[in-house]
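The model shown is predicted, which means the values in this text are computed figures rather than measured ones. Both counts, for ligands and for their atoms, begin at 1 and track the order of listing.
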Amino acid sequence: MCGIVGYVGKNDNAIKTIINSLEALEYRGYDSAGIAYINDNHINIVKRQGRIENLKKDLNLDINSNLGIGHTRWATHGVPNEINAHPHKCGKITIVHNGIIENYSELKTMLIDNGYAFSSDTDTEVACATIDYLYKKYNNMLKALQKSIKILKGSYALGILCDDNLDTLYAVRVSSPLIVAVKDNGKFIASDVPAILSYTNEYYLLDDGDIVVLKDNSINFYNKELESITRNSFIFEGDLEEVKKDGYEHFMLKEINEEPRVIKDTISYYFDGTKASLMKNIPDLNKYKDIHIVACGSAYHTGLVAKTLIEEIANIPVMVEIASEYRYKKVFYNEATLVILVSQSGETADTLASLRKAKEDGIDTLGIVNAVGSSIAREADNTLYIKAGCEIAVATTKAYSAQLALLSLLALKLALINNKISDEEFNNLKMQINKLPEMIKELIKSEKYRKIANKIYTREDIFYLGRKIDYAMSMEGSLKLKEISYINCVAYAAGELKHGTISLIEQDTPIIAVITDKDIKAKTISNLKETKARGANVILITNEVEKDNYYDEIISIPNIHPLIQPIVTIVPLQLLAYEIAKLKGCDIDKPRNLAKSVTVE
Ligand code: AGP
């Protein structure tokens with residue numbers, strides 16, 4: 001996600017106002033920043049890579065201006081550099097954008113055919129040229145914006161300036177958040193409330209398709225039929241930090257609640273429901289006969305999940321290795337091997353070193369990365385970006401889930417090119433993929449996590465159990481709890497318990513068990529009965545309807561295709577960890593000793 005602001009006022013301190021508002025939105029993204037302001041009857045644009053501080057160094061904040069737009073970026077298309085930074089200008093139109101234009105590629109082709117040239121790799125520049133193209137066609141900004149809403153697909157909050165109307169700030173909202181605020185001597189647009197709190201706590205929420213026209217002495221709201229409308233105003237009560245969390249108590253909870261949109265954004269970016277979209281948007285995998293997945297921490301756990309999916313569904317052998325081991329060990333690979341590096345930050349030292357080792361040995365590499373333009377993204381032969389946006393909480397949730405989603409698409413493509421999935425199964429899977437956001441929303445709503453957490457948060461030992469893919473899920477559940485609650489919990493392969501660790505089970509020891517693989521369910525159930533016989537308190541997360549009494553608590557999850565089952569299975573595991581840590585009063589977003597990106601060995 002990015003942060004956009006716009007300001008028009010009676011006084012001439014627009015530059016200072018915009019920069020001040022942008023700084024309050026830096027938590028939304030900070031890999032580059034820029035501003036466009038009106039001065040001397042001209043739109044001036046200054047933009048820099050890096051944080052807003054870099055922009056301020058090259059900006060004279062005292063220049064007189066009463067109108068402008070600003071942007072702080074979390075790159076989704078195009079590396080974080082000055083060329084890709086916003087604002088973008090095409091013809092007479094200058095814009096800042098938060099969101100993703102899903103059809104930017106076909107629009108770019110149409111615009112090039114109509115004489116447009118592009119300097120950046122961004123979808124935003126395409127949106128800007130689209131508006132300019134329509135403005136030239138209709139010679140009317142409102143009409144151009146109305147038509148733009150019909151043509152641009154995806155999510156976008158836009159702040160817009162037009163060379164022909166240098167007293168006017170335009171704004172458009174479709175899916176991405178955008179607010180409008182009015183203060184006696186100025187009017188604002190912004191991605192989020194923090195941007196305006198230094199000036200006012202009253203703001204208007206826009207609906208999808210709203211177009212707003214702001215001048216220093218007027219403000220007009222229009223719907224997509226260009227009918228004049230009114231919008232209710234809201235008063236924000238709360239502190240700045242709370243607003244950045246959208247009212248959630250922690251960034252981690254906010255980011256879990258973003259998973260429905262993040263999963264939709266990540267999947268829809270590569271898969272429109274057709275096999276052709278996977279063939280086009282995911283690199284050719286035909287030549288690979290074995291796959292190595294290399295990562296650290298939670299990213300490593302996504303590799304373990306992908307291993308089961310790819311091996312069982314696409315029938316291709318997968319080796320998953322912790323990067324700090326892989327980089328030093330003797331590795332057997334050849335020209336038919338693909339090394340996949342999974343990394344949210346794209347800067348994890350051990351994962352980057354493993355990438356460089358594979359490349360030195362002439363092995364093909366693929367990055368699965370969140371941070372656009374990061375080292376791993378730049379150095380891998382190919383990179384597929386998850387669309388998780390900026391993840392603030394150190395313990396990853398939405399990025400982990402988005403990595404699962406992208407790896408599921410990779411497994412699906414491998415299954416298709418190896419003829420391992422029937423048309424009927426593919427169509428059933430496609431329907432379930434469309435329902436994933438709703439399924440996740442329903443799981444998030446459950447009160448069960450808090451009830452269960454209340455019963456076990458004081459325990460010193462908690463065990464996670466599962467077999468095969470459920471073991472991989474248990475490992476991530478266990479890491480999440482360790483990271484944020486400091487409880488020494490461990491994930492075990494369910495069948496391994498009786499080879500020693502069952503000695504640790506005593507009365508009321510919590511066992512969090514995951515059963516989603518029906519082929520292995522009976523075995524895990526007998527393991528759980530062994531723990532129950534020794535007094536364990538079994539909490540079962542399952543997609544099967546259970547009638548037995550081998551568990552004390554049950555959290556039911558949807559029973560869906562194995563390729564996408566992990567994306568819903570992880571939600572209870574993340575929220576159980578969150579509720580336990582909250583009861584323990586831990587610093588959930590910034591756990592002790594941890595860093596969001598481990599850029600050292
Ligand atoms: C995730 O909750 C952890 N903070 C950590 O294990 C993380 O997954 C690991 O450091 C890898 O980070 P990366 O995805 O940025 O490479």
Next item on the list: List every atom of ligand 1 that sits less than 4.0 Å from any heavy atom of Ser298, numbering the atoms from 1 in the order shown and giving each element.
Entry: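 In order of numbering, the contacting atoms are 1 (C), 2 (O), 6 (O), 8 (O).
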
Next item on the list: Give the atoms of ligand 1, by number and element, whose distance to some non-hydrogen atom of Ala299 is under 4.0 Å.
Entry: 8 (O), 14 (O)

Item checked: Ring-ring centroid check His77 Tyr269, cutoff 6.0 Å ->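 Close enough - the centres of the two rings lie under 6.0 Å apart.
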
Are [X] and [Y] close enough that a side-chain donor and a side-chain acceptor fall under 3.5 Å?
| X | Y | result |
| --- | --- | --- |
| Asn543 | Thr516 | no |
| Thr397 | Glu255 | no |
| Lys480 | Ser298 | yes |

Note to self: Checking Thr383 now: which residues fulfil side-chain contact (heavy atoms from CB on, under 4.5 Å) with it, not counting sequence neighbours?
What the structure shows: Val369, Ala377, Ala380, Tyr385

Checklist line | side-chain contact (heavy atoms from CB on, under 4.5 Å) involving Asp272 - partner list, sequence neighbours excluded | finding: Thr274, Ser277

Note to self: Give me the atom names and distance for the closest heavy-atom approach of Asp589 to Lys245.
What the structure shows: OD2-CE, 4.2 Å

For [X] and ligand 1, does the shortest N/O to N/O distance drop below 3.5 Å?
| X | answer |
| --- | --- |
| Thr351 | no |
| Val394 | yes |
| Ser345 | yes |

Notebook entry, point to check: Counting only heavy atoms, which portion of Glu483 has something under 4.0 Å from ligand 1: side chain, backbone, both, or neither?
Noted result: side chain

Check: Of all the non-hydrogen atoms in the protein, which one sits nearest to atom 11 (C) of ligand 1, and at what distance?
Finding: Cys296 O, 3.5 Å

Notebook entry, point to check: Mind checking whether Lys480 has a heavy atom under 4.0 Å from ligand 1?
Noted result: yes

Check: Relative to atom 12 (O) of ligand 1, which among Thr348, Leu479, Leu341 owns the nearest non-hydrogen atom?
Finding: Thr348

